[in-house]
Amino acid sequence: MLYTSTRDNNVRVTASKAITDGISPDGGLYIPVEIPALSADELKALCSVDYKERAKKVLGLYLSDFTKEELDYCVEGAYADGKFSSKDVAPVVKLHDNVNILELFKGPTCAFKDMALQILPYLLTVSAKKNLKDKEIVILVATSGDTGKAALEGFKDVEGTKILVFYPNDGVSPMQKLQMTTQEGNNVGVCAIYGNFDDAQTGVKSIFTNKEILKRFEENNLVFSSANSINWGRLAPQIVYYVSAYCDMVNSGAVKFGEKINVVVPTGNFGNILAAYFAKEMGLPVNKLICASNANNVLTDFIENGVYDRNRDFYTTVSPSMDILISSNLERLLYILCGRNSDTINEWFGALKDCGKYTVSDDVKAKINELFAAGCCDDEMTKATISETYSEYNYLADTHTAVAINVCNSYEAKTGDKTPVVIASTASPFKFSKAVLSAVDKENKEYDDEFATVAALEDISSLKAPEQLAALKGKAVRFNKVTSKEEMAQVVFDMLGI
């Protein structure tokens, strides 16, 4: 299995090289030259094994230059007993009727990013041994909240690596900020920026491709890589949990084997739903991929009309991990749908960079409409959905999962589609306790302290906050620097001491 770049069809690299690089030198994203197939018999066999065995099978199809022993080492280390609070790693629970919730927040940072970022350090260190000679890897991350902490936790004190995270100063929840600014580890760095996630993401991408910066890194025996979903090593592990979810739904009787499902994903950067698309293309019985957005509904508009236009108001919402106007992973989907034509991708994404807008061809728009549906909801509807879901089904959803539930309900009401559904639940409600509490507390009390808010939510819901969040109370802040997007490169140099 070889990988090419969305910006240059002539590129051919191994999986380990794609993972080590993070992003192609031409600025494109690595993507497999072909999508491997998972036969019906292979899928049926996965129904009788655990999450780790499912991961080995799926990842083995993509990471063909990893030996069996290397893949076993990566998977067993990432999903070892005790790392996730559920023995199923990513359990599926029934919400009601034909609607199921895939709970992806059972890992050490209580967000779905753990599903990939617990294994990425293993994949990267194995890949580095194949491709780098005695160089230290610098992981550079832009985060809208959850990726930053999950990456920091995954790479904490991993030999041969340093990790630096940038986040929007006013664009994450108090709990997310605490998780990052109190991070332990001798190889970690965190810095806020004045601006939003798109500013952080654009800054990181520009650093990756700046020749002067790359030369300085070379002189100091350093190389860049990424823990964002632009790195194939981040995206590939996410394919696994959709395959696993289907197996669990078959085992529970939620679907008959071979019966199709709809997949609903709250997404901003398009990585999580793109992983579901790859699972579908591999042979997973999926009917519709439903993209759920918050008030930053650039993806909803794009899927409905074929025009991607980031020239619009940016909203800071109660679902901050989706506060994104430039959805990086969409490039991979469009590369496939336009016939793997890198010239077309360069044209569209050049227009996005220059004008903030591009329009896809009619045939690509038709393919998108066949594969995807989309919807969005604002903060008011998000909170109303949290309240209704808790009241009717005694299920406490976080602000991102609530967006997906709302869009799921709207889609079913609009289309009458009764296909069994799995909704990706991306975070613990206690990571966004203020917004969730305001949705379920009829007395509408407000607390100045984040942990008083958590305690109140525990009382109302009779749920216990995850220990790793509760343990942040009173923990010393290590990182409090804020910088402009223009100074991000200098912050990197300062953090590395070069």
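Numbering starts at 1 and runs along the sequence shown. In what follows, every heavy atom counts, from backbone to side chain, and hydrogens, waters and symmetry copies are set aside.
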Does the pair Lys56 and Glu76 meet the rule for a salt bridge (Lys or Arg N to Asp or Glu O under 4.0 Å), with working shown?
-> CA-CA 9 Å; Lys56 291 174 187 176; Glu76 293 290 342; 2.7 Å; yes
Evaluation steps, salt bridge (Lys or Arg N to Asp or Glu O under 4.0 Å), between Asp198 and Arg310 | CA-CA 10 Å; Asp198 292 325; Arg310 65 172 172 83; over 6 Å; no
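- The pair Asp494-Lys481 fails the salt-bridge criterion, with no side-chain N (NZ, NE, NH1 or NH2) lying under 4.0 Å from an Asp/Glu carboxylate O.
- Looking at Phe66 and Leu123, their side chains come closer than 4.5 Å, going by heavy atoms from C-beta outward.
- Applying the ring-ring contact (aromatic ring centres under 6.0 Å, His included) test to pairs two or more places apart or on separate chains, those with a residue in residues 1-30 are Tyr3-Trp232.
- Taking the six-membered ring where the residue is Trp, the centroids of Phe270 and Phe372 are separated by under 6.0 Å.
- At a cut-off of 3.5 Å, with distance as the only test, no side-chain donor of Lys113 or Ser321 sits close to an acceptor on the other residue.
- The pair Lys135-Glu218 meets the salt-bridge criterion, with a side-chain N (NZ, NE, NH1 or NH2) lying under 4.0 Å from an Asp/Glu carboxylate O.
- Atom NZ of Lys130 sits about 6.0 Å away from atom OG of Ser16, to the nearest 0.5 Å.
- Counting heavy atoms from C-beta on, the side chains of Val263 and Leu284 never come closer than 4.5 Å.
- Residue pairs meeting the ring-ring contact (aromatic ring centres under 6.0 Å, His included) criterion with at least one member in residues 307-347, sequence neighbours excluded: Phe302-Tyr308, Tyr308-Tyr358.
- Ion pairing between a basic and an acidic side chain is recognised when a charged N comes within 4.0 Å of a carboxylate O; Glu153 and Lys83 show no such pairing.
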ring-ring contact (aromatic ring centres under 6.0 Å, His included) between Phe105 and Phe432: does it pass, once the steps are laid out?
-> CA-CA 13 Å; Phe105 52 83; Phe432 307 94; over 10 Å; no
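- A salt bridge links Asp146 with Lys431; the closest basic N to acidic carboxylate O contact falls under 4.0 Å.
- Residues Phe430 and Val436 have side chains not in contact (no heavy-atom distance under 4.5 Å, counting atoms from C-beta outward).
- Thr317 has its side chain out of reach of Thr382: every pair of non-hydrogen atoms, C-beta onward, lies at least 4.5 Å apart.
- Residues Asn169 and Lys177 form a side-chain contact, since some pair of their non-hydrogen atoms from C-beta on lies under 4.5 Å apart.
- Atom CG of residue Asn9 and atom OG1 of residue Thr4 lie 5.5 Å apart, to the nearest 0.5 angstrom.
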